[in-house]
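Here is the structure we will look at, set down as structure tokens.
Read the numbers this way: they start at 1 and go in the same order the structure lists the ligands and their atoms. Model, not experiment: these values are computed from the prediction.
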Amino acid sequence: MSSFTIAPVTGALGAEIDGLDLSQPLDTDTVAAMRAAFNENHVLFFRDQALSPREQIAFGRNFGELGSHPYVEANPDYPEILDVITEPADRINFGGGWHSDVTFLPEPDLGSILYAVDVPSVGGDTLFADQHAAYDALSDTMKELVDPLVAIHTANMQYGGKGYSQRSTAMVTRDEAGAAASEVEHPVVRTHPETGRKALFVNRAFTLGIKGMHSGESRALLEFLFAHAVKERFTCRFRWQPGSVAMWDNRSVQHYALHDYKGEWRRMRRITIKGNRPT
Ligand code: SIN
């Protein structure tokens, strides 16, 4: 087994892993130890990696089958890779708001692995928020209210005809009609399939409403949950360098790609690990 160190980056979530070369094959024990660190810290960071697209794909496959984005064009040579690019003139960026990835799908991704190719001279950090901590911090009365609720998620606000992501020039979207029509139900509180911990599972980008509530009730409750879920004390923030890697657990984390670097390029490569239906 390869030995590596795990250094938490905040009291909430996130850990930096040192001592591994992700371009090399990893043995079963090392992958199991990484999975344990992943489940405990929810987002893992690696520095100074040099990953070709093939090596990134091979690394990702240690953790499950890889997925692809239904509404954004993949890299033409590698269908598993989504090039997450912001051009200097772009007014918006991909992932520029708090969200969990693709919660508009019946089986949202288990997690994502993002590799930094080119980063701006300053800015372009990614923020992460621990949704277990957010759930745990609710009062018992609020937990009783939200525990049985079901939310409706859609891709429409992001990838429908008038969606936020239509305004990106660097990322090419597809199937606007499919995105506009997409609706799926998920529990507001999901149980992590590996740790058994409960996590809030609603996000501003994709959650449309709460099933069975009047729209005013649903809006008020979701507004509270969206704001509560990303309070500073549940978050960490990652400063990228070329060759940095972040691997996050989409079942327990929300993330936010900051766009505070107007006039510069940011080029990342993302792969995603397929997940199961949230319960
Ligand atoms: C994403 O939401 O997957 C993009 C994150 C980032 O570019 O930092």
| field | Any pair counted as salt bridge (charged side-chain N to carboxylate O under 4.0 Å, His left out), so long as it reaches residues 105-126, sequence neighbours left out | value | Asp118-Arg267, Asp125-Arg237, Asp125-Arg239

| Looking only at side chains, do Asp130 and Thr235 share a donor and an acceptor under 3.5 Å apart? | no

| field | No-hydrogen, no-angle side-chain donor-acceptor test under 3.5 Å, Glu264 and Ser121 | value | yes

| Looking at Phe226, is Arg204 sitting on its ring face, NZ or CZ under 6.0 Å from the six-membered ring centre and within 45 degrees of the normal? | no

| message | Suppose the criterion is ring pair (Phe, Tyr, Trp, His ring centres under 6.0 Å): which pairs have a residue in residues 19-42, not counting sequence neighbours? | response | His42-His132

Hey, can you pull the donor-acceptor pairs under 3.5 Å for the side chains in residues 58-65, sequence neighbours left out?
{"unit_1": "Arg61", "atom_1": "NH2", "unit_2": "Glu80", "atom_2": "OE2", "d": "3.1"}
{"unit_1": "Asn62", "atom_1": "ND2", "unit_2": "Phe59", "atom_2": "O", "d": "3.0"}
{"unit_1": "Glu65", "atom_1": "OE2", "unit_2": "Lys274", "atom_2": "NZ", "d": "3.0"}

Which N or O atoms of ligand 1 sit under 3.5 Å from a protein N or O, and how far apart is each pair?
{"unit_1": "ligand 1", "atom_1": "2 (O)", "unit_2": "His99", "atom_2": "NE2", "d": "3.0"}
{"unit_1": "ligand 1", "atom_1": "2 (O)", "unit_2": "His255", "atom_2": "NE2", "d": "3.0"}
{"unit_1": "ligand 1", "atom_1": "3 (O)", "unit_2": "Arg270", "atom_2": "NH1", "d": "2.7"}
{"unit_1": "ligand 1", "atom_1": "7 (O)", "unit_2": "Arg266", "atom_2": "NH1", "d": "2.8"}
{"unit_1": "ligand 1", "atom_1": "7 (O)", "unit_2": "Arg266", "atom_2": "NH2", "d": "3.4"}
{"unit_1": "ligand 1", "atom_1": "8 (O)", "unit_2": "Thr126", "atom_2": "OG1", "d": "2.5"}
{"unit_1": "ligand 1", "atom_1": "8 (O)", "unit_2": "Arg266", "atom_2": "NH2", "d": "2.8"}

